[in-house]
Amino acid sequence: MALPFARSLRLCRWGAKRLRIASTEARRGISFKLEEKTAHSSLALFRGDTGVKYGLVGLEPTKVALNVERFREWAVVLADTAVTSGRHYWEVTVKRSQQFRIGVADVDMSRDSCIGVDDRSWVFTYAQRKWYTMLANEKAPIEGIGQPEKVGLLLEYEAQKLSLVDVSQVSVVHTLQTDFRGPVVPAFALWDGELLTHSGLEVPQGL
């Protein structure tokens, strides 16, 4: 889908030459990798840029390439592919992490902010052994799910919905009503352990 001219200019400022737009015609959903240029200096990508791990010390800021796309204050990384329409599904394997956030964000959200803190990102957060929804720094608890090794995310752009999926039961645990106004990208934040993404998946039957 073509992007509005004003939005295209904002994407160019974000460094969008490498930013891809997910196809809505393909049988499978969004396929993405994590964009190193956006990763905070405390994060390291691995397994072909599909996984991210947190380092307590992290890389020296002076050894990280300077660019306007990189998150400067929070341990956040974005994917390299944007969504402007359609239904898309991906999964996240959680390894040794007790505090993380997963969801989507505007492609041009502030690099001085964190996903879940502003009103241009929509996330599910896991902290203190509990799940929450998070928008504009407001949390709401989610019941009915513990700490599985893998969870799914279902993005329905036109319906303005983002859902947390219990992979073992293939069922929606909770749905966030969103307010998408332009392209959004999968977004991740963590403060320990690792997250491994699995994209290019078909939306499971029944969802």
Side-chain angles (χ1 to χ4, degrees), residues 30 32-36 38-61 64 70-80 89-105 109-155 162-176 178 184-199 201 204:
I30 180 176
F32 64 83
K33 291 186 177 182
L34 303 178
E35 180 55 83
E36 191 280 332
T38 67
H40 185 266
S41 60
S42 65
L43 301 178
L45 305 187
F46 66 97
R47 196 169 293 185
D49 293 345
T50 62
V52 57
K53 63 178 65 176
Y54 178 80
L56 184 62
V57 176
L59 300 174
E60 287 290 336
V64 177
R70 192 175 305 283
F71 282 86
R72 294 175 283 273
E73 302 294 331
W74 299 84
V76 176
V77 62
L78 302 180
D80 65 355
Y89 175 79
W90 62 96
E91 295 178 347
V92 180
T93 297
V94 181
K95 296 185 177 181
R96 300 182 299 279
S97 183
Q98 298 296 318
Q99 188 174 6
F100 59 88
R101 298 174 187 175
I102 54 177
V104 298
M109 72 168 287
S110 170
R111 297 316 196 249
D112 293 315
S113 186
C114 183
I115 57 173
V117 172
D118 64 6
D119 63 353
R120 302 317 308 158
S121 57
W122 302 264
V123 303
F124 298 101
T125 178
Y126 185 85
Q128 300 176 332
R129 300 182 179 181
K130 294 181 180 179
W131 283 94
Y132 304 86
T133 61
M134 195 169 184
L135 173 64
N137 217 24
E138 294 290 332
K139 287 183 179 180
I142 300 174
E143 305 295 337
I145 187 171
Q147 186 185 13
E149 293 183 356
K150 183 184 290 185
V151 294
L153 289 176
L154 175 63
L155 171 62
L162 179 69
S163 298
L164 180 67
V165 176
D166 183 334
V167 173
S168 63
Q169 302 293 325
V170 194
S171 61
V172 170
V173 177
H174 191 89
T175 298
L176 268 173
T178 66
V184 295
V185 289
F188 310 85
L190 73 161
W191 290 270
D192 61 358
E194 304 173 1
L195 300 178
L196 181 62
T197 66
H198 313 275
S199 64
L201 306 175

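The first residue in the sequence is number 1, and the count goes up from there.
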> To the nearest 0.5 Å, what is the distance between CD1 (Ile30) and OG (Ser199)?
Replying inline: 7.0 Å
> Just how far is it from atom CG of Leu196 to atom CZ of Arg47, taken to the nearest 0.5 Å?
Replying inline: 5.0 Å
> Any sub-3.5 Å donor-acceptor pair from Ser163's side-chain atoms to Val165's backbone N or O?
Replying inline: no
> Near Trp191 CH2, under 6.0 Å, is it more than 12 heavy atoms from other residues, nucleotides or ligands?
Replying inline: yes
> Does the pair Trp90 and Leu155 meet the rule for a side-chain contact (heavy atoms from CB on, under 4.5 Å), with working shown?
Replying inline: CA-CA 9 Å; Trp90 62 96; Leu155 171 62; 3.9 Å; yes
> Between NZ of Lys53 and OG of Ser97, what distance do you get to the nearest 0.5 Å?
Replying inline: 13.0 Å
> Which pair of heavy atoms, one from Val76 and one from Leu78, lies closest together, and at what distance?
Replying inline: CG1-CD2, 4.3 Å
>> Closer than 3.5 angstrom, by distance alone: can the side chain of Thr175 be matched with the main-chain N or O of Leu162 as a donor-acceptor pair?
In response: no
>> Working to the nearest 0.5 angstrom, can you tell me the gap between Ile102 CD1 and Leu195 CG?
In response: 7.5 Å
> Is the backbone N or O of Gly116 less than 3.5 Å from a side-chain atom of Ser121, with the two atoms forming a donor-acceptor pair by type?
Replying inline: yes
> Is Asp80 paired with Lys33 through a side-chain N to carboxylate O contact shorter than 4.0 Å?
Replying inline: no
> With distance as the sole test, does Trp131 use its side chain to make a donor-acceptor pair with the main-chain N or O of Gly146 at under 3.5 Å?
Replying inline: yes
> Has the side chain of Thr197 got a donor or acceptor atom that lies under 3.5 Å from a matching backbone atom of Thr50?
Replying inline: yes
> Taking atom CG of Leu43 and atom CZ of Phe188, what is their separation to the nearest 0.5 Å?
Replying inline: 12.0 Å
> Got Gln147 and Gln98 here, is their nearest side-chain heavy-atom distance under 4.5 Å?
Replying inline: yes
> Going by the angle between their ring planes, with limits at 30° and 60°, are Tyr126 and Phe100 parallel, tilted or perpendicular?
Replying inline: parallel
> With no hydrogens and no angle check, is any side-chain donor or acceptor of Ser42 less than 3.5 Å from a backbone partner on Ala75?
Replying inline: no
> Considering residues at least two apart in sequence or located in another chain, which fulfil the side-chain hydrogen bond (donor to acceptor under 3.5 Å, both in side chains) criterion with Asp119?
Replying inline: none
> Taking Arg101 for the side chain and Phe124 for the main chain, is one N or O donor matched with an acceptor at less than 3.5 Å?
Replying inline: no
> Sub-3.5 Å donor-acceptor pair from the side chain of Thr38 to the main-chain atoms of Glu35, do we have one?
Replying inline: yes
